[in-house]
Each structure stands twice: as structure tokens, then as C-alpha cells.
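Below, each value reflects all heavy atoms present in this structure, side chains not excepted, and no hydrogens, waters or symmetry copies. Letters A, B, ... are given to chains in the order of the sequence lines, protein chains preceding strands, and every chain is numbered from 1.
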Amino acid sequence: MIRTHQAGTLRPEHAGQQVTLAGWVARRRDHGGVVFIDLRDSSGSAQVVFREEDDAHGLRSEYCVKVVGEVRVRPEGNENPDIPTGGIEVVASEVEVLSEAAPLPFPIEGASGVSEEARLKYRYLDIRRQQLGDALRIRSKATYLVNEVMNERGFVYVETPNLTRSTPEGARDFLVPVRLQPGNWYALPQSPQLFKQLLMVAGLERYYQLTKCFRDEDLRADRQPEFTQIDIEMSFVDQDDVMELGEALIGRVWKETLGYELPSPLPRMTYADAMARFGSDKPDLRFGCELVDLTDYFKDTTFRVFQNEYVGAVVMPGGASQTRKELDGWQEWAKSRGARGLAYVLVQEDGFGGPVAKNLSEAETAGLRAATGAEVGDAIFFAAGARHASRELLGAARLEIGRRKQLIDESQWSFLWVVDAPMFEDDGEGGWTAVHHPFTGPKPEWSDNFQDHPGEALAYAYDMVCNGMEIGGGSIRIHRAEMQQRVFDVLGISKEEAESKFGFLLEAFKYGPPPHGGIAYGWDRICMLLAGGESIRDVIAFPKTASGFDPLTAAPTPITPAQRKEAGVDATPKA
RNA sequence: GGUCCUGUAGAGCAGUUUGGAGUGCUCGCCACCCUGUCAAGGUGGAGGUCGCGGGUUCAAGUCCCGUCAGGACCGCCA
């Protein structure tokens, strides 16, 4: 090794030792006769002192240097209690510049306000900064913990292919041309879903993998075109078994990275409750402002807007003092979400304000505060219309209220399971579509008759939710051909279609498939939560921008005509 | 596909409402001074395609149109 010690590990007990350090010039304080350099390596940093004759004036930020010197306790009064190595300094006797650094595109030390574009282009410098470096270290630590827990529990780590076949359902596939078979294409997996079920047929019983998944959809703060899942599948299990494992896994990760003890067992909420109370299938329980169902309350109303399948409300504490501009802003906000607007009343000392108030009868206004729990000074937002859409609107309004009024306690963790989601939802064209995926089983009580009531049947599925974010989701799968056929029937998938899309899975299920179920956790999102990031880009070493561009490598790039020809991009597949 | 925000020196910003000389701030960079700092300090200096293209105007960073890039959201993401 070039060095004998790591800078961040030096303490007063090292005093008197001759050490060799290697790292980067973090900060320099040049006093002419004496020069201080903070030498940083992956362990932290330590102050190195040079005297005039050492000629350290030429050292610049982020030069990579080797320093030989003696550790000593700092002179009386010069200790810095704010840093771990503040009790000592290294008196340099020798310095070697291992490599120089050009002027930096942004500071490594100090100020954090740098555009993400610049940070991505010089990602290696961004990672040199403490925040991102720490985030990647937390991610690494958490990854080891996952492997530890899964190993302890007897899971078999299996790698599944990244070059596989396109399955038409779900997200858009990334496609890869195949030179050896011009005109034929691989797809990158959206998840190893079918493979892990095959591994259950294969008798492995317990499978897991930290695996990349690929989906060619528009990006968001919590979505990248390639992302990582902890993919898990288990045989001979019930829902409770998968949930127990998940709690143990996530609990261990939170405990050993953040020292936070997960409540055990985690609270469970049904999908129906979550929608009714929070207008979301992934409720953030860190604050109140629950939705109020006023459908009954307004059942005899003369106000036509409220003569609807569903009328609900959410209260904004202190919302009555909003300016006209702010209240108009809510209308714009609602319209941007595809709603007509967001009716509201303001609860004032002398009655109700706002344009909707005059449409309500005396009897309706009289009980409104009691019905909604609103206090003087609050605003009440209403949504009326189709039940599901109205609740989603109110749920989104609730989150917006939480943000604007800073009701969310960011120091809290709110974990829960959301269970009993519907199996199917209206596809808007008179048919049904799978809420989870077509291999998700019904809850046991629906196993015989889900096909007769597709709108009501509940899936044997579960989502783990943390702070209003879905961090994992799974289900108990169908393992009987007869039941799978009934699901395909509901979804309008013909035998031929099923055969062509999932034939290999159905074939496998002829050979004694065990009952099985599993779950997949969104690893980037989990690491983002652990690292306190605002975007999964904050925990990914080399992420892409919202348009799928990588500013560092400038990928994607055009291909040459020769590459195009060789790859067989334009070839017609043989019949 | 849609809505909104942003783009000014290497970084972060102000200036754009009300058009008038690239006007300014903090940091960084370069030179010099400086023997106890730790966001060191001082003096001086360099550094600009105001994202790009077009238009209006005597005059555009500023107004208009288009476009590109980044970000947030809606659609989408079984």
C-alpha cells in the first residue's frame, strides 16, 4: 500500500507515529509561513501542516497527493472539536503530487447547490463529494444486509436472464436486436416474474435476487429506465409468510443502517380503507387530514354539483386565510390533474365563505363543521363525482395540503401493508384488466367465484408502503391451470393468446407446480429513503436524466450504418 | 402526448415586471502578501455566444414566436 494510515482514522493516540497518507487536497489554508492542508480520503480527512521550506504553496484543490509526516497532538488552543480528527495534525516532512487536478467544474467541498446536469456530467466528482459518496455507502451496507438476511433464511440466489422474450402486457419493453437471428429481438426484462415462478416449479422453494429491471416508460423522480429490485419468491407459503419475511428484511435494514426499530408486526390496512380514508393505495400516515365521506350527508342536496355518486371532503387546517390567488391556484392544480376544479368553503367566524357556500342550504351548512371536523379558520375542499376518481383527487389534495402546511413530520417512518386490492379493474372499454398481473391469485374466499364478480373480487396481494411510497409489492400466485384459465377468461385472453404469450409458463405448470407467492422490493426507492434523498438518482451511481440521457457518456448514441446492418435492425424475421 | 418551472462568467444567484453600454453579488480560478488556520485573511487581476434561431424596435439578457436542454407533475409505469 502507498499509505500506512487512513487520514480520517488518526487520533491523539497516534501522536509520535510516522505516517504516510494518500488522498486528495480538500481545503488549503495558506498563511505564507505555514500552510494547512485538509487531506481527504475515503475515511475522512486530517489536517496536514507544512512549513515555508516545504513549498506547499503549489498544492491546489483535489490534487491527489502522498504525504509523509509525523502525527502530533495539536498545540494548545488549536484543537477543532467539530471534526473527528480535530485533536491531531500531521506535520509533513515529505509531499509528493501523485496527480494534479484541473480547476473543478464545481466545488467538491462545501456548497451543495450544484445543478444536477453538471453533477451527472462529472459524476465521478459528484461521488467524491460527501453526500453522494455517503449515499452509495449506505446503499452498499444495506445491500450486504439484504444478502445476510436472505442467506440466513435459506434463500437461493439465482441470476435470471437479461436477454429474454418480450411479454406484451405491462410496460413498454426495451428491445435488443439479435445479430444471429436477424429480425428477431430480445426484450430486457421488466421483472423476472415468470422466471421466478419457474424456479418454484423447479423446486428451489426459496429464491431471491437483486436484479436490474428495465421499463421503457416516461421517467420521474422515482423512476429510471433501469432500476433494481429485490426479487423474492417462496413455495408452500401463505400471504403471512411473505409478509413476515418482508418485515424481517426491511426491519433489519432500517435497524442496522439507521438504528430504527420497525414496529412488529407492521400495521395492515385494506385497499378499500386506504382509498376511503386517504384517497390513495399508498397512504402517507405521517399526518392526519383524512378524507370525509359526505355522500350521505348531501344525499338530499339541491346543489347539483353534489348530486353525485360520491361526495367527499378534505379539510385544510388554516386554509381559510388563503389569498384569492392561492385559492385560484388550487383550481389550476385540480385542472392540471384532469379534474373540473376543486370546490371549497372557508370556515369563518361568522359562517362560511367561498363561492360554493351560497349553494348549500342552511341545514347543510349547520352540520358541516361537525361532519368534517373543520374548525374556524380552516378550508374544506370537496370532490364530487365518480367514487374512485374523486377519492384520488382528494387524496392528492391531502398530500398537497400536508406539504404546503408542513404537516408531515419528516423524522417519522410510516410503514404499513396495504392488502386486499381488487383483482381486476374496469379497462374503460367494457372489459377487465389485472390490477397486479394475471398470475395473481384471488383471496381464498374468492377462489371459486371471482369470475362472477370481477369488480368486487379481491386479490391475494400485498404492498409494503413507507411514507406514502410503495416500496414493495407481491402476491400469492395462481398455480392451478383451471384457475388461471378463469382469470384469462375474465381478462378476455384467449387460449391461443395465452399460449403464445405465456405458453412456457403454462406448460411448466403442468408438472406439479407448488403453491407459491412472492414479492419484489424497489431497491432504489428503499435506498433513497435510507439516504434521505429526494430522488432515486441520489442513490444511483450513474443515473440518467428524465429524457433517458446520460450526460457522462452521452448515451444513447446513433449507430453507424454498418452496426445497423449487422445488428439486423431492419431485417424481416423468417416466417 | 400535455401542463408548469428553470437556462446570465467555472459553480450558485440577482438583473427580465417598466427595453437604454455585460450592471452586480457570493464562491471558485490566477498573481502577490501573510507563521496557527480549519468556510483562513488581505491586495490586485482574469474570466460572458445572457441556451440556440428568428422577429418587433433607433435600441433586446429584458417584449413576441419557435426550438433545445434540465427539473416537477399529469397521461403512462401489469
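Nucleotides B:C5 and B:C64 place their P atoms 12 Å apart, quoted to the nearest Å. One C1' atom belongs to B:A40, the other to B:G22, and the distance between them is 32 Å to the nearest Å. Going from the P atom of B:A59 to that of B:C30 covers 43 Å, rounded to whole Å. Remark: the separation of the P atoms in B:C13 and B:U6 is 12 Å, to the nearest Å. Taking atom C1' on both nucleotides, B:G41 is separated from B:C27 by 15 Å, rounded to a whole Å. B:U62 and B:G7 are spaced 12 Å apart, taking the P atom of each and rounding to whole Å. Of the P atoms belonging to B:C4 and B:C65, the separation is 12 Å, rounded to the nearest Å. Look at the P atom in both B:G66 and B:U23: the space between them is 32 Å, to the nearest Å.
In this structure, B:C34 forms no base pair with any nucleotide, since neither Watson-Crick nor G-U wobble geometry is met with both distances under 3.5 Å. With a 3.5 Å ceiling on both atom-pair distances, the Watson-Crick or G-U wobble partner of B:U26 is B:A11. Applying the Watson-Crick and G-U wobble criteria (two distances, each under 3.5 Å), B:C77 pairs with nothing in any strand. Searching all strands for a Watson-Crick or G-U wobble partner of B:U18 with both distances below 3.5 Å returns nothing. Across all strands shown, B:G66 forms a Watson-Crick or G-U wobble pair, both distances under 3.5 Å, with B:C52. Judged by Watson-Crick or G-U wobble contacts below 3.5 Å, the nucleotide B:A39 has no partner. With a cut-off of 3.5 Å on both pairing distances, the Watson-Crick or G-U wobble partner of B:C4 is B:G71.
As a whole-Å value, the separation of A:Asp427 CG from B:C77 P is 12 Å. For the pair A:Asp218 CG and B:A72 P, the interatomic distance rounds to 12 Å; values are reported in whole Å. For A:Glu109 and B:C38, the CD to P distance is 15 Å, given to the nearest whole Å. Residue A:Arg28 contributes atom CZ, which lies 17 Å from atom C1' of B:G36 at whole-angstrom precision. Residue A:Arg119 contributes atom CZ, which lies 11 Å from atom P of B:G71 at whole-angstrom precision. Here the P atom of nucleotide B:C73 and the CG atom of A:Leu219 are 11 Å apart, to the nearest Å. Whole-Å rounding puts the A:Arg51 CZ to B:U37 P distance at 12 Å. Rounded to an integer number of Å, the gap from CD1 of A:Ile108 to P of B:G12 is 13 Å.
The shortest distance between the side-chain N/O atoms of A:Arg60 and the OP1/OP2 oxygens of B:C30 is below 4.0 Å. Contact between the side-chain N/O atoms of A:Arg27 and the OP1/OP2 oxygens of B:A40 is found at a separation under 4.0 Å. Taking 4.0 angstrom as the limit, A:Ser547 places none of its side-chain polar atoms (N or O) nearer than this to OP1 or OP2 of B:A69. Side-chain nitrogen and oxygen atoms of A:Arg537 include at least one within less than 4.0 Å of the OP1 or OP2 phosphate oxygen of B:A72. The shortest distance between the side-chain N/O atoms of A:Arg29 and the OP1/OP2 oxygens of B:U37 is not below 4.0 Å. The shortest distance between the side-chain N/O atoms of A:Thr545 and the OP1/OP2 oxygens of B:G70 is below 4.0 Å.
Ring pair A:Phe502/A:Phe439: centre-to-centre distance below 6.0 Å. A distance below 6.0 Å separates the ring centres of A:His14 and A:His5. Between A:Trp24 and A:Tyr63, the distance separating the two ring centers is not shorter than 6.0 angstrom.
Across all strands shown, A:Leu104 has heavy atoms under 4.0 Å from sugar-phosphate atoms exclusively, and none from any base. Within 4.0 Å (heavy atoms only), A:Arg72 reaches at least one base atom of the nucleic acid. Using a 4.0 Å heavy-atom cutoff across all strands shown, A:Ser115 reaches sugar-phosphate atoms only and no base atom. Looking at heavy-atom distances under 4.0 Å, A:Asp82 makes no contact with the nucleic acid at all. A:Val35 comes within 4.0 angstrom of nothing in the nucleic acid, heavy atoms only. Among the atoms of the strands shown, none is found under 4.0 Å from any heavy atom of A:Glu392. Heavy atoms of A:Glu89 sit under 4.0 angstrom from at least one base atom. A:Pro551 comes within contact range of no nucleotide atom at all, as no heavy-atom separation falls under 4.0 Å. Within 4.0 Å (heavy atoms only), A:Ala118 reaches no atom of the nucleic acid at all.
When each of A:Ala434 and A:Glu534 is assigned the nucleotide of RNA chain B bearing its nearest heavy atom, the one mapping closer to the 5' terminus is A:Glu534. Nucleotides of RNA chain B nearest to A:Arg337 and A:Arg215 differ in position, and the one nearer the 5' end is that of A:Arg337.
If you check the side chains of A:Gln209 and A:Thr160, you find a donor sitting under 3.5 Å from an acceptor. No side-chain donor from either of A:Arg11 and A:Thr9 sits under 3.5 Å from a side-chain acceptor of the other.
Ring pair A:Phe381/A:Trp330 is tilted by interplanar angle, where 30° to 60° counts as tilted. Between A:Phe214 and A:Phe174, the ring planes lie perpendicular to each other; the angle is over 60°, past the 30° to 60° tilted range.
In the set B:G70, B:C38, B:C73, the nucleotide with an atom closest to the side chain of A:Ile83 is B:C38. For A:Asn78, the side-chain atoms get nearest to B:U37 when compared with the rest of B:U37, B:C77, B:A69. Among the nucleotides B:C38, B:C34, B:G36, the one closest to any side-chain atom of A:Asp30 is B:C34. Comparing B:G36, B:G12, B:A72 by their closest approach to the side chain of A:Gln47 singles out B:G36. The side chain of A:Ala546 approaches B:A72 more closely than any other nucleotide in the set B:G1, B:A72, B:G36.
Atom CD of A:Glu534 sits in a sparse spot, with 12 or fewer heavy atoms from other residues, nucleotides or ligands closer than 6.0 Å.
Judged by distance alone, with hydrogens and angles left aside, A:Arg220 brings a side-chain donor or acceptor within reach of the base of B:G75, the pair sitting under 3.5 Å.
Applying the salt bridge (Lys or Arg N to Asp or Glu O under 4.0 Å) test between A:Arg72 and each of A:Glu89, A:Glu13, A:Glu79 identifies A:Glu89 as the sole match.
Judged by the 6.0 Å and 45° rule, A:Arg398 forms a cation-pi pair with A:Phe287.
Ring stacking is absent between A:His31 and B:G41, as the pair misses the limits of under 5.5 Å between centres and under 30 degrees between planes.
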